[in-house]
Amino acid sequence: MANETNQFQAIISHCKEYGFIFPSSEIYDGLQAVYDYGQMGSELKKNIKDYWWKSMTQLQDNIVGIDAAIFMHPTTWKASGHVDNFNDPMIDNKDSKKRYRVDHLIEAYSDELRVASHENKADEIIADMEQLLAKDDFTGLKKLIEDNKISCAISGTCNWTDIRQFNLMFSTEFGSTVSSEDADNKVYLRPETAQGIFVNFLNVQKTGRMKIPFGIAQIGKAFRNEIVARQFIFRMREFEQMEMQFFIRPGTQKEWYEKWKETRLNWHKSLGIPAEKYRFHDHVKLAHYADAACDIEFEFPMGFKELEGIHSRTDFDLKQHQEYSKKKQQYFDNDLDPATGKPYGNYIPYVIETSIGLDRMFLAVISHAYEEQDLSTPEKPDSRVVLHLPTKLAPIKMAVLPLNKKDGLPEIAGQIINECRGDFRCFYEEKDSIGRRYRRMDALGTPFCVTVDYQTKDDNTVTIRHRDSMLQERVAISELKRIVLESIG
RNA sequence: GCGGAAGUAGCUCACCUGGUAGAGCGACAGCUUCCCAAGCUGUAGGUAGCCGGUUCGAGUCCGGUCUUCCGCUCCA
């Protein structure tokens with residue numbers, strides 16, 4: 001554990017030191033669980049995004065992308081269940097420091113009463129609780145707990161804090177003249193991007209003439225007012241999701257669920273990260289909208305944690321929106337049902353969702369890439385920090401380094417950069433010894449270092465040095481672009 | 001939100017029992033060398049997270065606050 005913690009700390013420091021990630025508004029002491037991506041981090045993040053976007057849209061026959069607004073009509077969140085299901089009042093036991101959902105605590109007590117054959121009393125308490133919950137009467141709820149001497153299972157005491165509401169959605173007022181008391185004008189910052197896809201389901205389906213099965217992909221920010229947000233960029237209050245909702249014919253959800261599990265895992269493996277770093281974790285307790293769900297977990301420095309979720313959401317979301325909006329959310333399927341020989345007809349599609357946290361993916365990529373290498377020889381101690389980033393994700397693809405900063409070498413280097421910068425990001429550096437420049441590039445994850453030397457002036461060849469192997473080969477300048485582009489894939 | 005630990009230069013840290021801050025690495029400028037870091041010269045950079053208290057005097061003691069990591073909890 002100590003090692004894992006040190007490794008995690010080292011990665012956090014490295015991210016700061018080399019311009020990948022900074023605490024938000026750091027000069028004002030930062031803002032809890034909010035981070036900024038720096039000059040290197042923003043490139044890496046963008047490359048992850050682009051790679052996901054391309055593989056989920058361009059390379060698919062039947063998936064298109066959208067970019068929905070962060071603000072959505074407030075009713076969206078009533079329909080989705082976020083308003084009702086995620087405003088749970090909580091209470092803490094001061095002795096055991098345990099926190100409970102108030103309804104869970106009271107229900108557990110009523111279960112005990114039932115076991116002891118006090119059925120009537122149990123029913124009565126539940127009825128009281130539901131009334132109080134409906135009124136958001138926290139004082140009354142606390143009184144209910146105290147009157148019944150409901151105690152903490154750990155400490156056995158009734159030493160409770162006041163009941164508090166934890167609303168996981170950020171809200172703000174819409175329009176410049178409304179008062180904050182006016183609940184009708186309260187809008188939320190979306191806590192997930194999925195609803196932006198669901199409310200646009202028919203727009204996309206009709207205007208894009210999409211036929212089921214088809215998908216809608218989206219990358220965007222979401223916001224959750226987490227009770228505890230920690231572990232660097234793993235759990236942030238403002239984060240970015242990359243997700244795809246795949247609309248299918250009801251009854252086919254099992255096969256599509258399995259297919260997307262496999263497809264998504266293959267996507268991860270295609271980045272060269274070994275399969276052992278990943279595992280599936282099936283949800284036992286399903287969310288209100290799902291009939292099957294699993295996570296793809298990644299072995300982060302702090303252990304296996306959720307990276308991506310794959311959920312079979314049934315027709316829950318579209319059905320809810322149909323009910324709340326009073327607009328039919330159905331699709332007419334002209335394909336023939338072999339059982340009847342007739343078209344499948346109208347139905348509300350089922351949905352398989354794949355949803356990955358972009359920031360978590362960033363953390364997965366960088367923590368797997370990070371290595372402190374011992375390069376010592378008997379003669380001399382030596383070490384380097386290297387980021388083994390896949391070329392397609394590396395912020396800088398190629399550094400061009402003149403061996404010397406005179407004799408026309410920098411000019412040749414400049415020409416090479418001008419030839420390549422239109423195709424991929426290059427970096428020029430003439431300061432310090434060549435070895436030191438290589439090591440600096442290693443720390444940024446730059447896969448190729450091209451060195452212009454005196455031989456270059458004679459035959460237009462340069463050396464290209466590979467980050468991971470540290471080996472060099474001599475190639476013609478005219479070959480450079482092809483080599484790098486091939487590696488980007 | 002509770003508990004634990006911690007916040008001193010970009011990074012890692014030192015300053016032991018209070019007397020107005022140092023090192024290594026890094027950065028920058030120049031020189032030298034030149035295909036794998038730590039050569040030479042010079043320079044910059046910190047009102048010790050912030051606020052308050054005790055004290056003649058606080059980075060050092062006390063309180064508060066912010067931030068980070070760890071445990072519990074939470075995680076649609």
Side-chain angles (χ1 to χ4, degrees), chain A residues 1-2 4-6 8-10 12-19 22-35 77 80-88 90-101 154 161-162 164 166 168-169 191-192 194-195 222 224-232 234-235 283 285-290 293 295 301-302 305-306 309 311 313 316-317 353 355 357 373 375-376 380-385 401-405 409 431-443 449-455 462-465 467 470-472 474:
Chain A
M1 193 63 210
E4 287 168 8
T5 303
N6 291 346
F8 194 29
Q9 296 293 357
I12 294 170
S13 296
H14 192 83
C15 283
K16 167 84 190 295
E17 189 166 6
Y18 288 90
F22 309 122
S24 161
S25 24
E26 195 185 6
I27 61 169
Y28 295 108
D29 273 342
L31 188 62
Q32 197 179 72
V34 186
Y35 289 90
W77 307 113
S80 70
H82 285 80
V83 171
D84 291 335
N85 292 0
F86 304 104
N87 280 326
D88 307 315
M90 310 285 278
I91 190 165
D92 291 5
N93 184 273
K94 289 178 185 170
D95 298 312
S96 65
K97 313 299 182 193
K98 275 277 184 187
R99 171 172 298 159
Y100 297 88
R101 267 176 64 170
I154 310 276
T161 62
D162 284 340
R164 283 160 301 182
F166 292 85
L168 267 57
M169 285 195 289
E192 64 173 25
Q195 301 306 326
R224 292 180 195 176
N225 206 354
E226 301 281 357
I227 297 167
V228 176
R230 256 196 314 233
Q231 292 173 313
F232 196 40
F234 184 80
R235 177 164 290 116
H283 289 199
K285 207 175 71 184
L286 294 171
H288 60 280
Y289 56 71
D295 297 335
M302 62 283 190
K305 300 266 186 185
E306 179 186 354
H311 297 175
R313 294 183 79 125
F316 177 85
D317 300 276
E353 167 189 81
S355 175
Q373 269 181 346
L375 302 170
S376 297
K380 176 177 163 227
D382 191 8
S383 67
R384 69 166 179 164
V385 172
L401 319 168
L403 194 59
N404 219 316
K405 58 183 122 178
L409 269 37
K431 190 180 158 47
D432 292 321
S433 75
I434 191 70
R436 185 194 283 276
R437 280 180 274 169
Y438 287 155
R439 300 300 175 85
R440 261 202 291 260
M441 285 300 108
D442 290 340
C449 286
V450 167
T451 303
V452 177
D453 57 18
Y454 288 97
Q455 191 184 329
V462 290
T463 60
I464 184 162
R465 179 257 194 194
R467 176 196 63 206
M470 299 173 74
L471 296 176
Q472 292 174 268
R474 186 136 209 121

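Note that the structure is predicted; figures quoted are calculated from it, not measured. The sequence lines fix the lettering, A, B, ..., with proteins before strands; numbering per chain opens at 1.
Going from the P atom of B:rA5 to that of B:rC62 covers 12 Å, rounded to whole Å. Look at the C1' atom in both B:rU73 and B:rC11: the space between them is 33 Å, to the nearest Å. Taking atom P on both nucleotides, B:rG18 is separated from B:rG1 by 34 Å, rounded to a whole Å. To the nearest whole angstrom, the two C1' atoms, one in B:rU33 and one in B:rU47, are 42 Å apart. The P atoms of B:rG53 and B:rU60 are separated by 14 Å, rounded to the nearest whole Å. Comparing the C1' positions of B:rU68 and B:rU8 gives an interatomic distance of 15 Å, to the nearest angstrom. For the P atom pair drawn from B:rC16 and B:rA21, the interatomic distance equals 14 Å after rounding to whole Å. Across B:rA9 and B:rG46, the matching P atoms stand 10 Å from one another, rounded to whole Å.
Positionally, the nearest nucleotide of RNA chain B for A:Arg230 lies more toward the 5' end than for the other of A:Arg230 and A:Phe234. Taking for each of A:Lys431 and A:Ile12 the nucleotide of RNA chain B with the nearest heavy atom, the 5'-most of the two is the partner of A:Lys431.
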Report, one pair per line, the protein and nucleotides 9-13 of chain B atoms (nitrogen or oxygen only) whose separation is under 3.5 Å.
unit_1	atom_1	unit_2	atom_2	d
B:rG10	O3'	A:Lys16	NZ	3.3
B:rC11	OP1	A:Lys16	NZ	2.6
B:rC11	O4'	A:Glu17	OE1	3.4
B:rC11	O3'	A:Ser13	OG	3.4
B:rU12	OP1	A:Ser13	OG	2.8

What does the list of N/O pairs under 3.5 Å between the protein and nucleotides 32-34 of chain B look like, with a distance for each?
unit_1	atom_1	unit_2	atom_2	d
B:rC34	N3	A:Leu403	O	3.2
B:rC34	N4	A:Leu403	O	3.3

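Side-chain atoms of A:Tyr438 and base atoms of B:rC35 include a donor and an acceptor less than 3.5 Å apart. Applying the 3.5 Å distance criterion, the base of B:rC50 shares no donor-acceptor pair with the side chain of A:Asp29.
Rounded to an integer number of Å, the gap from CG of A:Asp382 to P of B:rC25 is 15 Å. Counting to the nearest Å, the C1' atom of B:rA27 and the OH atom of A:Tyr18 are 11 Å from each other. When rounded to the nearest whole Å, the span between NE2 of A:His283 and P of B:rA76 equals 7 Å. At whole-Å resolution of the value, CZ in A:Arg439 and P in B:rA27 are 14 Å apart. Atom-to-atom, CG of A:Leu409 to P of B:rC35 comes out at 12 Å; the value is rounded to the nearest Å. One interatomic measurement links the two molecules: CG of A:Leu168 to P of B:rU73, which rounds to 17 Å at whole-angstrom precision. Rounded to whole angstrom, the span from the CZ atom of A:Arg436 across to the C1' atom of B:rC36 amounts to 12 Å. To the nearest angstrom, C1' of B:rC69 lies 12 Å from CZ of A:Phe232.
Within the 4.0 angstrom heavy-atom criterion, no nucleotide atom of any strand lies near A:Pro23. No contact: A:Tyr28 has no heavy atom under 4.0 Å from any strand. Using a 4.0 Å heavy-atom cutoff across all strands shown, A:Ala443 reaches no nucleic acid atom at all.
Side-chain contact between A:Leu168 and A:His82 is absent, with no heavy-atom pair separated by less than 4.5 Å. Side-chain contact between A:Tyr35 and A:Lys16: absent, with no pair of heavy atoms (C-beta onward) separated by less than 4.5 Å. Two residues are said to be in side-chain contact when any heavy atoms from C-beta on lie closer than 4.5 Å; A:Arg436 and A:Lys431 fail this criterion.
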TODO: Might you work through the side chain to side chain contact (heavy atoms under 4.5 Å, CB included) test for A:Met470 and A:Leu375, ending with a clear yes or no?
DONE: CA-CA 11 Å; A:Met470 299 173 74; A:Leu375 302 170; 3.8 Å; yes
Task: A:Asp295 and A:Lys305: CA distance, side-chain angles, deciding distance, side chain to side chain contact (heavy atoms under 4.5 Å, CB included) verdict - done: CA-CA 9 Å; A:Asp295 297 335; A:Lys305 300 266 186 185; over 6 Å; no
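Here the nucleotide nearest the side chain of A:Thr463, chosen from B:rC35, B:rA76, B:rU68, is B:rC35. Each of B:rA27, B:rA37, B:rU68 was ranked by its minimum atom distance to the side chain of A:Gln32; first place goes to B:rU68.
Taking side-chain N and O atoms only, A:Lys380 has a distance below 4.0 Å to OP1 or OP2 of B:rA37.
The backbone N or O of A:Pro402 lies less than 3.5 Å from a partner atom in the side chain of A:Arg437, making a donor-acceptor pair.
Taking the charged nitrogens against the carboxylate oxygens, A:Asp382 and A:Arg439 do have a contact shorter than 4.0 Å, which makes a salt bridge.
In RNA chain B, the stems built from three or more successive Watson-Crick or G-U pairs (distances below 3.5 Å) are B:1-7 with B:66-72, B:10-13 with B:22-25, B:27-31 with B:39-43, B:49-53 with B:61-65.
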